[in-house]
Amino acid sequence: MCRLFHFLFRERIHESVAVSALIAVSAALHAMWMAHLFIFRAPSFAKYFLLNESVGIVFGLYLFGLLVFIVSGLVSLLYWRGRDCQSVRDRIFWFFVVTLIMYVLLTFPPIYGFEILMKAV
Amino acid sequence: MFGGWMARSAELPWVDIGSSLFVLLLMLLSVALVLLLLSSKLPNLYRPLTVITIVSEICWLMILALEMANVKSRTVFSDMETLSVLFANHRWLLVPLPTFFLLLAPIILLVYRTNLRDRHAKDYRRTVGLSLWGSLASLLLISFEALL
């Protein structure tokens, strides 16, 4: 009897959960730096992120990142559930590393504020 | 921490809750990094490591809640005005890094448990390490920029 239900209790590694978490964090960080850059370049867009007057647009930005994290996590969990993640393991890790580097660079004020001024001759 | 270092309303006469939480968070992260280094030899250390990362995330969210509840407009001095504003924006943008990293590390630890030291879990082991080091670095950077 125990052997019959053994499959229910065997220790499994749910790699799809780990892969989904990595994808979700990467997607959220990408979405946040893009949204921040977009707000910086098009200030009229900022009103959609101004959910709390005292904290400012950063509060809306955090909520947006959280929303992207939850949605992309659920979608990738549904996609990877029961699939073999072995082939994508390495690529997703490097996607995460590249995301981290991009986020750190593209939220640094001298980089996102960079602009070339053209003078009319 | 984000300028006005900690919440006025959260200050008790004998202790500043925000600063205490921040010090506790730094201590927890330091312990987590040591445990991560040791976990390659002692796989059962994943349990305290998981608990510490979850407690760290809770501490960080409490610090954020205290800060957001007490944000006040700050006076910036003329010489440092541009620099202060730039760094004020930058440290708020660094906040998602420890938030997401301290969420990612316990998820991977709960999934892999003692198997984290296996050969096939190399990328996940590196992810947990990167998350913990990244959290500590971004927290130190946030506190350093608050001094400017």
Side-chain angles (χ1 to χ4, degrees), chain A residues 11-29 31-33 35-37 39-40 52-59 61-66 68-69 73 77 85-86 88-97 99-101 103-104 106-113, chain B residues 2 4 61 64-65 67-74 82-116 118-131 133-135 137-138 141 145 148:
Chain A
E11 196 167 302
R12 285 187 62 189
I13 297 172
H14 296 278
E15 192 176 356
S16 57
V17 177
V19 165
S20 304
L22 267 172
I23 291 173
V25 168
S26 306
L29 290 177
M32 285 181 79
W33 77 253
H36 176 257
L37 192 65
I39 291 166
F40 187 76
N52 187 320
E53 289 287 338
S54 59
V55 181
I57 58 158
V58 81
F59 187 70
L61 204 64
Y62 293 165
L63 286 185
F64 177 64
L66 191 66
V68 172
F69 174 79
L77 193 61
C85 306
Q86 197 178 350
V88 293
R89 199 181 285 154
D90 186 53
R91 276 180 284 171
I92 287 176
F93 170 72
W94 286 109
F95 174 58
F96 172 67
V97 174
T99 304
L100 174 61
I101 294 167
Y103 185 85
V104 170
L106 290 162
T107 54
F108 191 58
I111 294 177
Y112 72 74
Chain B
F2 297 98
L61 292 178
L64 273 185
E67 282 293 327
M68 283 198 174
N70 290 279
V71 170
K72 286 180 182 146
S73 58
R74 293 177 295 277
T82 314
L83 197 63
S84 296
V85 170
L86 281 178
F87 279 116
N89 289 336
H90 187 235
R91 61 178 174 267
W92 279 106
L93 288 171
L94 284 176
V95 164
L97 290 180
T99 312
F100 284 125
F101 286 169
L102 290 174
L103 195 61
L104 182 64
I107 291 174
I108 291 175
L109 285 167
L110 284 170
V111 167
Y112 269 87
R113 289 174 277 188
T114 51
N115 299 303
L116 196 67
D118 293 353
R119 198 175 170 188
H120 72 274
K122 186 182 72 177
D123 290 325
Y124 297 106
R125 198 167 52 244
R126 288 194 293 188
T127 304
V128 174
L130 191 63
S131 300
W133 281 111
S135 304
S138 47
L141 195 60
E145 284 186 4
L148 293 174

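Quick note on labels: first sequence line is chain A, next is B, and so on, each numbered from 1.
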Task: N/O donor-acceptor pair under 3.5 Å between A/R89 side chain and B/K122 backbone - done: no
Task: Heavy-atom check, side chain of B/Y124 versus side chain of A/V19, under 4.5 Å - done: yes
- [ ] List the atom of A/A21, the atom of B/I107, and the distance in Å for their closest heavy-atom pair.
- [x] CB-CG2, 3.8 Å
Task: Pairing residues for A/F96 by the ring-ring contact (aromatic ring centres under 6.0 Å, His included) criterion, not counting sequence neighbours - done: B/F101
TODO: Considering non-hydrogen atoms only, spot the tightest contact between A/T107 and B/H90 and give its length.
DONE: O-CD2, 3.1 Å
Task: Atom group of B/L110 that falls short of 4.5 Å from chain A, counting heavy atoms - done: neither
Task: Side-chain heavy atoms of A/V104 within contact of B/L97, under 4.5 Å - done: yes
Task: Atom pair CG (A/L22) and OG (B/S131), whose distance is rounded to the nearest 0.5 Å - done: 7.5 Å
TODO: Would you indicate whether the side-chain heavy atoms of A/Y103 and B/L93 approach each other to under 4.5 Å?
DONE: yes
TODO: Over 60° means perpendicular and under 30° means parallel, so classify the ring planes of B/F100 and A/F69, tilted if in between.
DONE: tilted
Open item on the list: Does A/F59 have more than 12 heavy atoms from other residues, nucleotides or ligands lying within 6.0 Å of its CZ?
Closed with: no
- [ ] Using the test ring-ring contact (aromatic ring centres under 6.0 Å, His included), find all partners of A/F93 that sit at least two apart in sequence or belong to another chain.
- [x] none
- [ ] Flag the pair B/T99 / A/L66 as yes when at least one side-chain heavy-atom distance between them is below 4.5 Å, and no otherwise.
- [x] no
TODO: Under 4.5 Å heavy-atom distance to chain B, tell me which part of A/W33 shows up: side chain, backbone, both or neither.
DONE: neither
Task: Euclidean distance, A/E15 CD relative to B/N115 CG, rounded to 0.5 Å - done: 11.0 Å
TODO: Answer whether the closest heavy-atom distance between the side chains of B/L130 and A/V97 falls below 4.5 Å.
DONE: yes
Open item on the list: Between B/L103, B/T127, B/I108, who has the most heavy-atom pairs with chain A when the cutoff is under 4.5 Å?
Closed with: B/T127
